[in-house]
Each structure stands twice: as C-alpha cells, then as structure tokens.
There are 2 protein chains.
Amino acid sequence: MTAPARPYHHGNLRESLLQAAEKALESGGIQGLTLRQLSRELGVSHTSPLRHFSNKQALLDGLAIRGFERLGETLSRAVKHRGQEFSARLTRLARAYVGFQAKHAALCGLMFEAKHRPEAPRELLEAGERAFSHGPAIFAEGQANGEVAAGDPARLSLVVFAALQGLIAISTNGKFKGVSLDILVPEIIARIIVGMQPCSDER
Amino acid sequence: MTAPARPYHHGNLRESLLQAAEKALESGGIQGLTLRQLSRELGVSHTSPLRHFSNKQALLDGLAIRGFERLGETLSRAVKHRGQEFSARLTRLARAYVGFQAKHAALCGLMFEAKHRPEAPRELLEAGERAFSHGPAIFAEGQANGEVAAGDPARLSLVVFAALQGLIAISTNGKFKGVSLDILVPEIIARIIVGMQPCSDER
DNA sequence: ACCTGAACACCGTTCAAGT
DNA sequence: ACCTGAACACCGTTCAAGT
C-alpha cells in the first residue's frame, strides 16, 4: 500500500489558498490579496498557486463561488421555519441577507464583481442563482397560502433583493444619513410588501 | 510681461490626467488604469502624476468626484420639467439613473467603491450627496401637489434609488434572467409607487 | 502529479536633482 | 512651481527544471 493521497510539500494547497485568500480579503481588502503574499504565508514558492488556479482571477472566482454557496446556506437557514407568516419570513430573509453582507463586505464585493464580468465562468453564475433561489421560494409559498398577490415569484423577489442590495451599496458604514440599516431594512420591506398584498377589497 | 501661466512641459496635467484616466477606465476597467500608463500616454515622466495627486487613490477619488458631479447634472436634466405628474417624473429620473450607470459602468463602480472607504474625503461624500439630492426634491414636490403620501422625502427617495441600484448590481449585462432593465425599471417603479400613494379612501 | 527558481515585463512611491 | 531619473520594494505570469 503506497502513501495516501498526501501531496508533495503541503497538505492540500488549493483549499489552503482559498482559506488564506478569504482571510487576507477580509483583513486587508482586495489590495492585500496577492498570490505572492499568500504563497509566503503558506510557505510555498510564489508560483505554486498557479498549479491550482490558472491565474489570479481564477482564484478570485473560486472565492466568489464559495461565497455564494455560504450565502445560500445562510439564507436557507433564515427561511427554514415554515410555520410563520409570510411577512415575518421575508423580514428574516432580508435581515440574514444584509447581515451576511455586513459581516463579509469585502467578499461580497468580490462576489458581485466576479459575477458581473462577461467571462464569468458558468459555475459562478450557477452558484449565484442558487444562493438567490430562496427568495422566489418563499414568495411562491406565500402565494400558495394566499398571503402574496399573483405574479412571477422571481420578479417579486427581485424587487426585494434589489432594494436590499441597493441599500447596502448606497449606505456608508452600515448607515444611511445616520440611520442604521437595522432600522431601514424592516421599513423598506414593509413599504414594498404593501404593493404585493392580494386585493382583499376588490371593487 | 512674462509668459502666461503655461506650465513646464504639458498644458495642465491635472486635467489631462483625469480625462485620460476616465478613458482608460471605460475601455480597460480598473485593471488598465495605471499611473505609469497614463504618464506614457501623456508623454510625461512616470512620476509627474504624483505632482498633482498625492497618490493613486487621490486620483481615483478625483475621478469619483467628477463622476458624481456629472451624475448630478444628468439627474438634474431628467427632472427639469416641472409640469409633469409625479409618476412620470420619477420614471424619467429612474431611467436617467440606470442609463448613466449603464453608460459609465466602470466609473460608477469606482464612485461607489471610493465613497465606501472609511477614509473617503469629505469632498467626495458631499459630491455624492449632491448628486442624489434630486430624488428627495421631486418627492417633496410630489407631496406638495398631493401626489405622494407624507413622510421624509429622503427616506422615500432612498427606497427607489436603493431598488434601482440593487437592480443594477444584481443584473448581469443589463439583464435579469433575460429581461432587460428597460422593462424592469418601470415595473419596479410602479410597484414601489403603490405603497407611496396618499390614501384616497380612508376609512 | 506537484512544486521550484530564475527571468520578464510590469507596478506605486520616494527622493535627490534639475529648469 | 513643476518636472525628471534612478532606485526600491513590490506585482502576475511563463518556462525550463526538479522530485
């Protein structure tokens, strides 16, 4: 029996690179994320990363894909409890989304920038769509319960996520004109939901 | 009479740098924007830019400030006609905002990134606020005409701009799931406006 | 299969010097 | 006041070579 699948000098460099890259991103921004610096930290030669990622952008894409996967898990947990009424679930989802972005600001910036490129790999686009799929899901369930007006759940969900995403983009340091996002998020959700309620008093 | 205020080797390098930088940004993205490359194009030494901007970030900030100023002018033109009804004006404003971002995508990315930094200069933050001031303005006028429900105009405007900003961020290549922003923008505006109309049938 | 080291063509920034 | 040139400490990527 030969030695197990233990690579040459490191453990599994690909995984270590992604972890170190994310740490570097959170602490020093995209500026501090350098293949050579990563190599130094992991004690390998400065060309080793190119064995696992064909270039720097490929590593960034890998980081973005994992980011979307974790975002998806976070949103999934937020909408888990099916017993609640629609507006409560949507607010939980919105808070989870904004919270994730606040916690991983640099990573989220990278995620959307990576997704925007025309040459973005299919895997990345799919990871993004999976992460956002929890929105349409609860809208569809809300419609099934008669809590939400008819319409394409994906489009209804888009309005909410767009508003949240824009709120984050426009705000500075988690605030807009001194008002915390914790306060603005439910306010915005409430305002948008009004336009999505089924017409109980048709005339 | 001595020679007029004609600088040493160039015309006015500061202005030329900003123009060349914006051109480089639009054509090659932030990647292609390099002090040394700019210097080469303008035929000056590679350290000349540092005479006018203390470092690269200062030049990027300058670019962002001008970007916000031009955005403000664009939005100002969009809301000029006071005779129209509120919803038409808001839709024009929204289209102008999305159009500007579509036309100057890389610049807009830079603008918001620059504004997000904790060390962003005061001048930049003020330019940003001025650009967005046209939103609250038409909301206030809409309220004066009885077309919009009561509430802080800045907060009402925020909901709309956040939704637009997020729509741009979430979409890829000007589309979301194959649907053009030209279609989605008025749809979103219409959906949000519903929640802002004054209660004509109070009970 | 995986890693290394020299080499190449770039960067931003500093600093003493020039006109 | 404005610009230059050498120098420093970095980059990403290629490529022949090693185990």
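Excluded from the calculations below are hydrogen atoms, water molecules and symmetry mates; all remaining heavy atoms, backbone and side chain alike, are included. Numbered from 1 within each chain, the chains take letters A, B, ... in sequence-line order.
An OP1 or OP2 oxygen of D:dT4 is reached within less than 4.0 angstrom by a side-chain nitrogen or oxygen of B:Ser48.
Within the model, atoms OG1 of B:Thr34 and NE2 of B:His46 stand 12.5 Å from one another, a figure rounded to the nearest 0.5 Å. Interatomic distance, CG of A:Leu124 versus CD of A:Glu129, reported as 10.5 Å (0.5 Å rounding). Taking CG from B:Leu71 and CZ from B:Arg66, the interatomic distance works out to 14.5 Å, rounded to the nearest 0.5 Å. The line from CG of A:Leu63 to CG of A:Leu59 is 6.0 Å long, rounded to the nearest 0.5 Å.
Counting to the nearest Å, the P atom of C:dG12 and the CG atom of B:Leu17 are 12 Å from each other. Whole-Å rounding puts the B:Gln31 CD to D:dC11 C1' distance at 12 Å. To the nearest angstrom, P of C:dC10 lies 17 Å from CG of B:Leu33. Computed from coordinates, the B:Asn12 CG to D:dC2 P distance equals 11 Å when rounded to whole Å. In this structure, CG of B:Leu35 is placed 15 Å from C1' of D:dC10, rounded to the nearest angstrom. Between the C1' atom of D:dC10 and the CG atom of A:Leu38 lies a distance of 15 Å, rounded to the nearest Å.
Exactly one residue among B:Lys115, B:Arg117, B:Arg122 makes a salt bridge (charged side-chain N to carboxylate O under 4.0 Å, His left out) with B:Glu119. That residue is B:Arg117.
Across C:dT13, C:dC3, C:dA7, the shortest atom-to-atom separation from the side chain of A:Arg36 is found for C:dA7. The side chain of B:Thr34 sits closest to C:dG12 out of D:dA6, C:dG12, D:dG12. When each of C:dC3, D:dT4, D:dA6 is scored by its nearest atom to the side-chain atoms of B:His46, the top-ranked nucleotide is D:dA6. Comparing C:dT14, C:dC11, C:dG12 against the side chain of B:Gln37 picks out C:dC11 as the nearest.
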(request) Take A:Phe112 and A:His116 through the ring pair (Phe, Tyr, Trp, His ring centres under 6.0 Å) test and state the conclusion after the steps. (result) CA-CA 6 Å; A:Phe112 284 98; A:His116 249 93; 7.9 Å; no

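Checking C:dA17 for Watson-Crick or G-U wobble geometry (two distances, each under 3.5 Å) identifies no partner in any strand. In a base pair of the Watson-Crick type (N1 to N3 plus N6-O4 or O6-N4) or a G-U wobble (N1-O2 and O6-N3), with each distance short of 3.5 Å, C:dC3 is matched with no nucleotide. The nucleotide C:dC10 finds no pairing partner, because no Watson-Crick or G-U wobble arrangement with both distances shorter than 3.5 Å includes it.
At the heavy-atom level, A:Arg40 lies under 4.0 Å from the strands shown only through sugar-phosphate atoms.
Remark: B:Leu50, B:Asn55, B:Lys56 in residues 50-60 of chain B come within less than 4.0 Å of DNA chain C through at least one heavy atom.
A donor N or O paired with an acceptor N or O is found under 3.5 Å between the base of C:dG5 and the side-chain atoms of A:Thr47.
Residues A:Glu141 and A:Arg89 are paired through a salt bridge, judged by an N-O separation under 4.0 Å between the basic side chain and the carboxylate.
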